[in-house]
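What follows is one structure encoded as structure tokens, with my remarks underneath.
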Amino acid sequence: ARLKGAFSVLEIRDLPPNAWQKVGLIGPRMSRSLEVIYKRLWRAADFCVVPYHGIAQRLRELDVRPNQILYLPHAADLDEIDKWDGAAVRMELGLADRFVALYAGSFAPHYAIPVMALAAERLARQYPEFILVLIGTERDADTLCALLERRHIRNVRNLGPIPPAEVGKYLKAADLFLNPLWFQLPG
């Protein structure tokens with residue numbers, strides 16, 4: 001980029017290799033080797049664009065200069081959530097009498113798709129009126145829906161991607177938010 005007089009801009013959605021090691025895609029030795037390469041890339045870039053404050057903080061810890069880091073969120077603005085009427089959204093979606101569990105985000109593999117399926121299965125057993133509302137993108141949304149179907153969980157509504165400015169209205173309508181984290185699954 002510098003040879004052509006252009007800025008080099010890196011969009012960083014997650015922090016590899018650390019994220020990859022957490023989900024078992026690589027081992028600790030490979031993670032350490034890759035971290036050296038990534039640190040050089042991040043520090044050499046003119047700008048690193050990040051969607052979360054946590055990633056920005058981690059980059060600063062890795063000696064990326066604060067003036068290199070551009071924070072561009074791609075999720076809901078939680079300060080705006082109270083402007084929505086959750087009951088009206090539930091009526092609009094036909095969910096007035098349902099127990100609504102919501103996942104909004106990416107369906108990338110490191111977001112623990114099997115954990116979401118396990119949670120949905122347990123919720124469906126405990127709450128007959130349960131429905132899982134999915135909002136987001138990435139290839140594993142279909143994987144999750146297929147996994148839920150195999151587990152005979154059919155009370156799922158996949159809304160797909162929606163504009164970030166509208167995510168808050170669905171958050172306001174939910175009874176429970178799913179935030180899957182990787183852990184050792186039983187069996």
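It should be emphasised that the depicted structure is a prediction, and the values quoted were computed from it without experimental measurement.
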Spacing of [X] atom [atom1] and [Y] atom [atom2] [to the nearest 0.5 Å]:
| X | Y | atom1 | atom2 | answer |
| --- | --- | --- | --- | --- |
| N158 | D142 | CG | CG | 7.5 Å |
| N155 | L95 | CG | CG | 10.5 Å |
| E129 | L123 | CD | CG | 10.5 Å |
| S33 | Y38 | OG | OH | 12.5 Å |
| L34 | Q21 | CG | CD | 10.0 Å |
| Y170 | L93 | OH | CG | 5.5 Å |

L178 vs L102, side chain to side chain contact (heavy atoms under 4.5 Å, CB included): CA-CA, chis, key distance, verdict
CA-CA 6 Å; L178 292 180; L102 173 78; over 6 Å; no
Between [X] (side chain only) and [Y] (backbone N and O only), is there a donor and an acceptor less than 3.5 Å apart?
| X | Y | answer |
| --- | --- | --- |
| R125 | A120 | no |
| R43 | L62 | yes |
| D175 | A101 | no |
| D46 | S8 | yes |
| R90 | A173 | yes |
| E121 | H152 | no |

Any F130 side-chain heavy atom under 4.5 Å of V100 side chain:
no
Under 4.5 Å between any side-chain heavy atoms of V49 and L10, yes or no?
no
Sorted by chain and number, sequence neighbours left out, side-chain contact (heavy atoms from CB on, under 4.5 Å) with Q126 holds for none
Contacts of R60 that satisfy side-chain hydrogen bond (donor to acceptor under 3.5 Å, both in side chains) - sequence neighbours left out:
Q57
Test side-chain hydrogen bond (donor to acceptor under 3.5 Å, both in side chains) applied to R98 - qualifying residues, sequence neighbours left out
none
Is the [atom1] atom of [X] crowded by more than 12 outside heavy atoms at less than 6.0 Å?
| X | atom1 | answer |
| --- | --- | --- |
| R29 | CZ | no |
| D97 | CG | no |
| R40 | CZ | no |

Give the minimum heavy-atom separation between [X] and [Y], together with the two atoms involved.
| X | Y | value |
| --- | --- | --- |
| L159 | I162 | O-CG2, 4.3 Å |
| A117 | L148 | CA-CD2, 3.8 Å |
| W42 | Q68 | O-NE2, 3.3 Å |
| M91 | A96 | SD-CB, 3.5 Å |
| V64 | C48 | CG1-SG, 4.4 Å |

Could you go through the side chain to side chain contact (heavy atoms under 4.5 Å, CB included) check for L134 and L144 one step at a time?
CA-CA 10 Å; L134 304 172; L144 174 59; 3.9 Å; yes
Basic-acidic side-chain contact under 4.0 Å: K172, D85
no
Electrostatic pair E35:R32 at N-O distance under 4.0 angstrom
no
Given the rule in the side chain to side chain contact (heavy atoms under 4.5 Å, CB included) test, do L59 and V50 qualify, once you have shown the distances and angles that lead to the verdict?
CA-CA 10 Å; L59 290 176; V50 301; 3.7 Å; yes
Output, in order, the C-alpha distance, side-chain angles, deciding distance and verdict of side chain to side chain contact (heavy atoms under 4.5 Å, CB included) for L132 and M116.
CA-CA 10 Å; L132 175 60; M116 275 195 269; 5.9 Å; no
Let me know which of Y103, F99, Y127 forms a side chain to side chain contact (heavy atoms under 4.5 Å, CB included) with L176.
F99
